[in-house]
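To start, the structure under review is shown below, and the notes come after it.
Just so we're on the same page: letters track the sequence lines, and every chain starts at 1.
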Protein chains: 2
Amino acid sequence: MTESKDFLYPSKWLSKASAGDRVTCELRMRIISGLIESGAIISENKLASDFAVSRSPVREALKVLASENIIRLERMGAVVIGLTEKEIEEIYDVRLLIETFVFERLVRMDVTELVKELSKILEMMKVAIKYQDADEFSYQDLLFHETIIRSINHSYMLMIWSNLRPVMESLILLSMRARFQEKYEDFDRIIKNHELYIEAIQTKERTLMVQSLHQNFDDVQGKVDDLWMSQQMLSKGVVQEND
Amino acid sequence: MTESKDFLYPSKWLSKASAGDRVTCELRMRIISGLIESGAIISENKLASDFAVSRSPVREALKVLASENIIRLERMGAVVIGLTEKEIEEIYDVRLLIETFVFERLVRMDVTELVKELSKILEMMKVAIKYQDADEFSYQDLLFHETIIRSINHSYMLMIWSNLRPVMESLILLSMRARFQEKYEDFDRIIKNHELYIEAIQTKERTLMVQSLHQNFDDVQGKVDDLWMSQQMLSKGVVQEND
DNA sequence: TCAAGTATACTTGTATACAAGTATTATAAC
DNA sequence: GTTATAATACTTGTATACAAGTATACTTGA
């Protein structure tokens, strides 16, 4: 049972985090990666001893994960829901909805500052690719979209994003890690697509924006099926096999 | 300091609720009503002694309210954000976004069951008006919209609604209570509008739906300004004046 | 009067204790 | 063997205790 990696969530993202946050993030990764299978029943006490913390931070984590819809709190124990393909599609429904709304606002705004900011993030993404840093790439990718959403100053649109973000984060982390190993060439397309996105914002062309949004969707979604399976196996392999 | 009403949130909705839920709901009402002013700093300890509970349920409440964007957790104490007019408009942006999305799905579904369910709820609303039960009316009103959203079986659309719901609940409760006292005639329009909504779903006419959605928006939004002021004064009056 | 440092009273996050309630299992009666 | 009841081992929700950290106030020195 000597696992090569004890934690799926990037530890350096948790440098200043509380135990509650640690448990939340790690548990989320384990559920979304399929390491903890959907349907499984997890209890506060069990998790507390697994993570070697008290029930307080675990309780906190379960509340958060329940609000993210990846577990369901019941009278006794929490039932893992996880993400089916349907739910991943649904997440992208929401992303499409948000970002389309945001774009409509952007059309009526000065976007020079935003475009500059996005270009910077894109550069960062390129560097992350160059050094094969999947986690850093994921971080910048998420930041890219968050920056766009933040720019319109709409607290409730941002709220939706905040609720969605953690799950997206896990998905992207897992997806990108797998790609760095298997489908390195994908990143060209992803970068191109982000460039397209910036251009759409700059020129304020709706068609371009919808195009890039859908491509981004296909990018992640289209690949999710295979990645999904491989990830599922990969993560299950971790607990069964030794290295 | 003898307040005629100690709690703003309907106590019968909390019959089986935990102390944490009680604090959450009541605190939310106090913030949204303006009883606790935006900018105020509230601390766990203070609230715990105010509500005569321990810090655990209070902590829970603050986490929830922070995720709803009506308070902001800081290093020391939580800062009340509350709802400005801008934020109320933003909430309706989101509602519009969700319900438009839902409608697009409904167009491709069998809606007979849904229409029946909505008609039932509408009847309930009428009864609530007849007996001047603002809280019951609010409950049914929320249920009306939740039923529509639930019907398309989209877990992430439902998630957004769940995040929005509590704030909407508080707003509607306050708004309806005020109207029963001041603008009783409003309810005719509200009922008519809900009938229009049902009709739009039944006939699957987009124009009708958009129309009723915007009217519903105007209904609540248009009135919010005055209600807001009166509510603000009303709730401030509660602490200062005796009856 | 002002600056710097210390003391104090707060804060959060976590652990632990306990009460009340719920499933499960074992026991007893038929 | 089956059913009813009782005991046990879990569960959640809340209270309390404690450690670590942060702001405020107070003292001390100039």
message = Heavy-atom count check: over 12 atoms from other residues, nucleotides or ligands less than 6.0 Å from B:Tyr139 OH?
response = no
inquiry  = At a heavy-atom distance below 4.0 Å, which nucleotide of DNA chain D is the first touched by chain B, and which is the last?
reply    = D:dG13 to D:dA23
remark   = Sorted by position of nearest nucleotide on DNA chain C, 5' first, the leading residue of A:Arg55 and A:Asp21 is A:Asp21
ask   = Would B:Asp93 and A:Arg105 pass as an ion pair if we require N to O under 4.0 Å?
value = yes
query = Any side-chain heavy atom of B:Ile190 within less than 4.5 Å of one from B:His194?
reply = yes
query = Which of parallel (below 30°), tilted (30 to 60°) and perpendicular (above 60°) describes B:His145 and B:Trp161?
reply = tilted
inquiry  = Within the structure provided, determine whether A:Met168 and A:Tyr92 are in side-chain contact (heavy-atom separation under 4.5 Å).
reply    = yes
task = Output yes when A:Glu117 and A:Lys120 qualify as a salt bridge under the 4.0 Å nitrogen-oxygen rule, no when they do not.
result = yes
ask   = Hey, can you pull the residues of residues 68-76 of chain A with a non-hydrogen atom under 4.0 angstrom from DNA chain C?
value = A:Met76
ask   = Across the strands shown, which category fits A:Ser18 at heavy-atom distances under 4.0 angstrom: base, sugar-phosphate, nothing?
value = sugar-phosphate
ask   = Within a radius of less than 6.0 Å around CZ of A:Arg165, do more than 12 heavy atoms belonging to other residues, nucleotides or ligands occur?
value = yes
task = Would you indicate whether A:Lys86, at its atom NZ, is surrounded by more than 12 heavy atoms from other residues, nucleotides or ligands within a distance under 6.0 Å?
result = yes
